[in-house]
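Step one of this worksheet: look at the structure below.
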Amino acid sequence: MLSHRPRVGILDLDIFGPSIPTLMGLQYSDDPHLTSAGALVPIINHGVPTMSMGYLVPRPPPDSTEFEGAIVWRGLMVQKAVQQLLFDVDWRDPGGSGPGLDVLIIDMPPGTGDVPLTLGQLVVVDGAVIVSTPQDVALTDVRRGISMFKKISVPITGLILNQASFLCPSCNTAHELFGTSANASRLGIPLLAQLPLVGGVSWGGDRGIPYVLEGKHGSRKDGRAGEMWRDAMNEAASKIWGLVHN
């Protein structure tokens, strides 16, 4: 066990559609600084260091009607970008001192393209957590992802079902709008959590405030569904930490 609170960073490897800057409230941040050795310095918010392709492309100013510049690259350019984001970021404390990270969480695009293949070839991945909605059309892509991870020897930690149910506020009955967990159980991987639809998750994501930071106040606004969401995520985090740390 660690003798200190784990140092956790987030790396956004969704090259074509980076969302971490928005989710972390950093879409209008300054460009990343460089160390004397030329490494990228992560941008920090909510106490979590992050790095994303979204910080490295031209971005319109706040309240602008312009669209953010699209990244139109072929495979080799994508592979080079993944390599730079993996190896040319200094995750130590600001100033380049102190230890590195204990855990690096990597957000990847869906599918079986260049990004996950390059990742699996360049680094040792401790575990993959797959996030999907419960309907069959989404789980079809999940099956392909599971097959790919097995081929590149990446262990699969488990599955998190997002939007697994809608909790009726007047009767506290859970309605499975997008399919049942039975569909996911056929995948043959651990089911880590089933997250209900919660309005505060969407609200916080658009404003760069992770729902877990809302605390009990956020759960109270969203009622029983908010409590279920937080409990499920806490349980999933404990399972993932236990599996990876061991």
Side-chain angles (χ1 to χ4, degrees), residues 1-2 4-12 19-20 22-25 45-50 101-108 110 126-136 138-139 142 145-146 155-246:
M1 296 295 291
L2 294 175
H4 58 276
R5 181 178 180 179
R7 296 194 69 248
V8 179
I10 299 177
L11 175 59
D12 185 357
S19 57
I20 291 299
T22 298
L23 293 173
M24 294 295 288
N45 197 17
H46 307 303
V48 179
T50 69
L101 297 176
D102 297 302
V103 178
L104 179 62
I105 298 172
I106 300 177
D107 179 31
M108 291 197 299
D126 291 309
V129 176
I130 299 173
V131 181
S132 175
T133 49
Q135 64 264 48
D136 277 335
L139 295 177
V142 169
I146 292 172
I156 299 172
T157 305
L159 170 71
I160 292 178
L161 282 182
N162 197 19
Q163 302 178 2
S165 62
F166 168 72
L167 194 67
C168 175
S170 60
C171 62
N172 279 333
T173 300
H175 301 276
E176 296 176 325
L177 303 180
F178 304 112
T180 69
S181 59
N183 297 334
S185 64
R186 295 194 294 267
L187 297 174
I189 60 176
L191 181 57
L192 301 174
Q194 299 184 63
L195 304 179
L197 278 163
V198 175
V201 174
S202 176
W203 186 93
D206 287 343
R207 291 160 179 78
I209 305 172
Y211 189 65
V212 293
L213 298 183
E214 290 274 334
K216 293 183 178 180
H217 173 65
S219 296
R220 283 196 297 269
K221 287 193 300 182
D222 292 303
R224 176 60 183 151
E227 295 176 6
M228 291 172 59
W229 193 98
R230 289 179 56 84
D231 291 343
M233 281 300 293
N234 284 333
E235 184 178 352
S238 297
K239 291 178 182 176
I240 293 167
W241 177 251
L243 290 169
V244 172
H245 191 61
N246 291 333

Heavy-atom side-chain contact between [X] and [Y] under 4.5 Å:
X      : Y      : answer
Asp107 : Ser19  : yes
Trp203 : Val198 : no
Val201 : Trp229 : yes
Leu187 : Ile130 : no
Glu176 : Pro134 : no

Item to complete: For the pair Asp102 (side chain) and Arg7 (backbone), establish whether a donor and an acceptor sit closer than 3.5 Å, ignoring hydrogens and angles.
Response: yes
Item to complete: Could you tell me whether a side-chain N or O of Asp12 sits under 3.5 Å from a main-chain N or O of Ile20, the two making a donor and an acceptor?
Response: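 At least one qualifying donor-acceptor pair exists.
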Gap separating the [atom1] atom of [X] from the [atom2] atom of [Y], nearest 0.5 angstrom:
X      : Y      : atom1 : atom2 : value
Leu161 : Leu191 : CG    : CG    : 5.0 Å
Asp206 : Leu23  : CG    : CG    : 8.5 Å
Arg224 : Thr173 : CZ    : OG1   : 12.5 Å
Glu235 : Ile240 : CD    : CD1   : 11.0 Å
Phe178 : Asn162 : CZ    : CG    : 9.5 Å
Glu227 : Leu167 : CD    : CG    : 10.0 Å

Worksheet item: When you look at Thr50 and Asn45, which way does the side chain to side chain contact (heavy atoms under 4.5 Å, CB included) test go after all the steps?
Response: CA-CA 8 Å; Thr50 69; Asn45 197 17; over 6 Å; no
Closest heavy-atom contact between [X] and [Y]?
X      : Y      : answer
Ile160 : Ala236 : CD1-CB, 4.3 Å
Tyr211 : Arg230 : O-NH1, 4.0 Å
Ala138 : Ser132 : CB-OG, 3.6 Å
Gln194 : Ala232 : O-CB, 4.0 Å

Worksheet entry | Test applied, side-chain contact (heavy atoms from CB on, under 4.5 Å); reference residue, Pro49; option that passes from Leu101, Ile10, Val8 |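 Output: one option passes, namely Leu101.
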